Amino acid sequence: MDARKLLASYISLAILRRRNKKEKRKRAIWTRSWLKRSNRGVYRQLLEELRLEDPENYCRYLQMDTSTFESLLKKVECQLQKKDTIMREAIPAGQRLALTLRFLATGESYAGEEDWMKIATGFEEKWQLPHCVGAADGKHIRIIHPPKSGSEFYNYKGFFSIVLMAVVDTDYNFIFADVGCQGRISNGGVMKNTIFWKTLVNNALHLPEPKPLPLSLSQYLVDDERIPVPYFLAGDDAFSLEPNVMKPFAQRALTDEKRIFNYRLSRGRCVSENVFGILTNRFRVFSTLFSIKPDNVTKVVLATLALHNFLGSTNSSRYIPSGSVDSEDQHGEVRHGSWRNEELVSSGMVSISNSRKRRQSVKAEDIRQALCEYFNNEGHVPWQWNVLV
């Protein structure tokens, strides 16, 4: 399948998935009376204003400039355009494409606190990791040396790659993905160059307000002032420690309390390891060296992520059957998912190693220490002390 058909197929799947989520709701109206698609919707108003007045943010919004968008639209317009009916006018092909590109650029947009709270509840109930709203991880995707690219895609591991940066939830869905950054850039550097990261650190993701930890009788203290704990992403040592991004303590001179914190954080982060395990086993394209242009690699990767979410939500028992992902028994013993036993030469996707140490945020250190104390006291789980043996 060529790139044009692949992209069109992905767009159809992305839109179908959004429809499937809304099938249970009975619609009394097609659009709100105050939001007329023809002249006041995002496509007609916001994108038009960005195109005319702020080309730079237009590019950030869709991850391409206007000429590229128009060129892409010409290639897929016939496959995207639907017919009008007596019930309503069809969504224009350009709007469908813009919606999809926005989805690819930023992941599914969450309306606000309620959506994030559902994810946080999942991490707390399944992995006893309160206030976590996603597990962040990154992978190198092996590619051939792009012509005339010099060392742009040459990474510190000694091969050429583009980077996939992703955030996943406890249902093994990708909720954010950024693909295409040159392999020479570090894990943390990739994340910091995404719109998602910028909105996260600028408190523009509509995360829930910081709150006391569950079962905690008091909030943690900073300079004798009681401050609630923020909601955060669980990352590995490659990320920088931020108030909304927690990472493990350094391995050097670990205390028992810090080892417990690292264990509890890693339990929550295991969902990302399982997601990538399922992805590479179901889509064997990741076991090979991509021999196509980096732009096309990006399209293929995004298509597989969309298919992963689509299949997981519509045919979960077949796509992610029972026992295929890691689980724990009542004593905290890990049962490895069956994906680990499947034959796979995963040469095309490689984990990103730890990046250079950065100076940590004082407030973020306080938050991590508060979580550490919580996990070692009222927030403990009975089996966690086994890691100290």
Side-chain angles (χ1 to χ4, degrees), residues 6-7 9-21 63 99-111 115-116 118-120 122-123 126-127 132-141 162-181 187 190-191 193-197 199-200 205 207 232-236 238-239 245 268-286 297-316 319-320 324-326 337 339 346 348-352:
L6 183 62
L7 180 59
S9 298
Y10 165 69
I11 292 171
S12 298
L13 286 173
I15 293 175
L16 179 58
R17 181 170 183 264
R18 287 176 176 266
R19 285 179 177 173
N20 286 340
K21 281 188 173 181
Q63 294 298 303
L99 172 66
T100 302
L101 292 174
R102 181 60 180 166
F103 165 75
L104 297 180
T106 64
E108 290 190 289
S109 58
Y110 285 88
D115 299 295
W116 289 115
K118 290 179 181 177
I119 298 177
F123 275 99
K126 295 180 181 180
W127 300 107
C132 180
V133 293
D137 206 348
K139 299 290 184 181
H140 283 287
I141 309 296
I162 63 172
V163 176
L164 162 61
M165 180 60 58
V167 178
V168 301
D169 64 16
T170 54
D171 293 322
Y172 306 101
N173 291 314
F174 290 95
I175 59 175
F176 162 79
D178 186 275
V179 192
C181 188
N187 195 351
V190 172
M191 196 66 173
N193 284 324
T194 65
I195 294 176
F196 182 86
W197 177 269
T199 53
L200 173 69
L205 277 182
L207 293 179
F232 60 87
L233 294 177
D236 61 15
F239 292 96
V245 181
R269 288 197 68 257
C270 76
V271 295
S272 64
E273 183 180 2
N274 280 268
V275 165
F276 281 113
I278 292 295
L279 187 73
T280 54
N281 275 278
R282 299 298 183 266
F283 299 99
R284 295 305 177 100
V285 66
F286 290 112
V297 176
T298 297
K299 295 173 184 177
V300 171
V301 172
L302 288 171
T304 60
L305 302 191
L307 285 169
H308 169 91
N309 283 1
F310 176 77
L311 293 171
S313 63
T314 59
N315 196 3
S316 178
Y319 182 67
I320 309 179
S324 61
V325 295
D326 294 347
W339 68 265
S346 55
M349 185 180 286
V350 181
S351 296
I352 296 178

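These figures come from a predicted structure and were not determined experimentally.
Ile320 CD1 to Arg282 CZ: the interatomic distance, rounded to the nearest 0.5 Å, is 7.5 Å. Atoms CG and CZ, on Leu233 and Phe176 in that order, are 9.5 Å from each other to the nearest 0.5 Å. To the nearest 0.5 Å, atoms CG (Leu307) and CG (Leu302) are separated by 11.0 Å. Taken from CG in Asn281 to OG in Ser324, the straight-line distance is 10.0 Å, to the nearest 0.5 Å.
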Could you go step by step and tell me if Asp137 and Val168 meet the side-chain contact (heavy atoms from CB on, under 4.5 Å) rule? CA-CA 8 Å; Asp137 206 348; Val168 301; over 6 Å; no
Assess whether side-chain contact (heavy atoms from CB on, under 4.5 Å) is satisfied between Trp116 and Ile175, documenting all intermediate values. CA-CA 11 Å; Trp116 289 115; Ile175 59 175; 4.2 Å; yes
Between Leu305 and Leu279, does the side-chain contact (heavy atoms from CB on, under 4.5 Å) criterion hold? Intermediate values first, please. CA-CA 8 Å; Leu305 302 191; Leu279 187 73; 3.7 Å; yes
Begin from the C-alpha positions of Phe286 and Val301 and carry the test side-chain contact (heavy atoms from CB on, under 4.5 Å) through to its verdict. CA-CA 9 Å; Phe286 290 112; Val301 172; 4.0 Å; yes
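Side-chain contact between Val245 and Phe232: absent, with no pair of heavy atoms (C-beta onward) separated by less than 4.5 Å. Using a 4.5 Å cut-off on side-chain heavy atoms (C-beta onward), Phe123 and Val271 make contact. At least one side-chain heavy atom of His140 sits under 4.5 Å from a side-chain heavy atom of Val163. Between Trp127 and Cys270, the closest side-chain pair of non-hydrogen atoms falls below 4.5 Å. Between Asp171 and Lys126, the closest side-chain pair of non-hydrogen atoms falls below 4.5 Å.
Counting only distance, with no hydrogens or angles, the side chain of Asn309 and the backbone of Asn173 share no donor-acceptor pair below 3.5 Å. Checking side-chain atoms of Asp169 against main-chain N and O of Tyr172 turns up a donor-acceptor pair under 3.5 Å. In terms of modelled atom types and a separation under 3.5 Å, the side chain of Asn274 and the main chain of Asp326 share a donor-acceptor contact. In this structure, the side chain of Ser316 does not engage the main chain of Ser313 through any donor-acceptor pair within 3.5 Å.
Remark: the Tyr319 side chain and the His308 side chain contain an N/O donor-acceptor pair separated by less than 3.5 Å.
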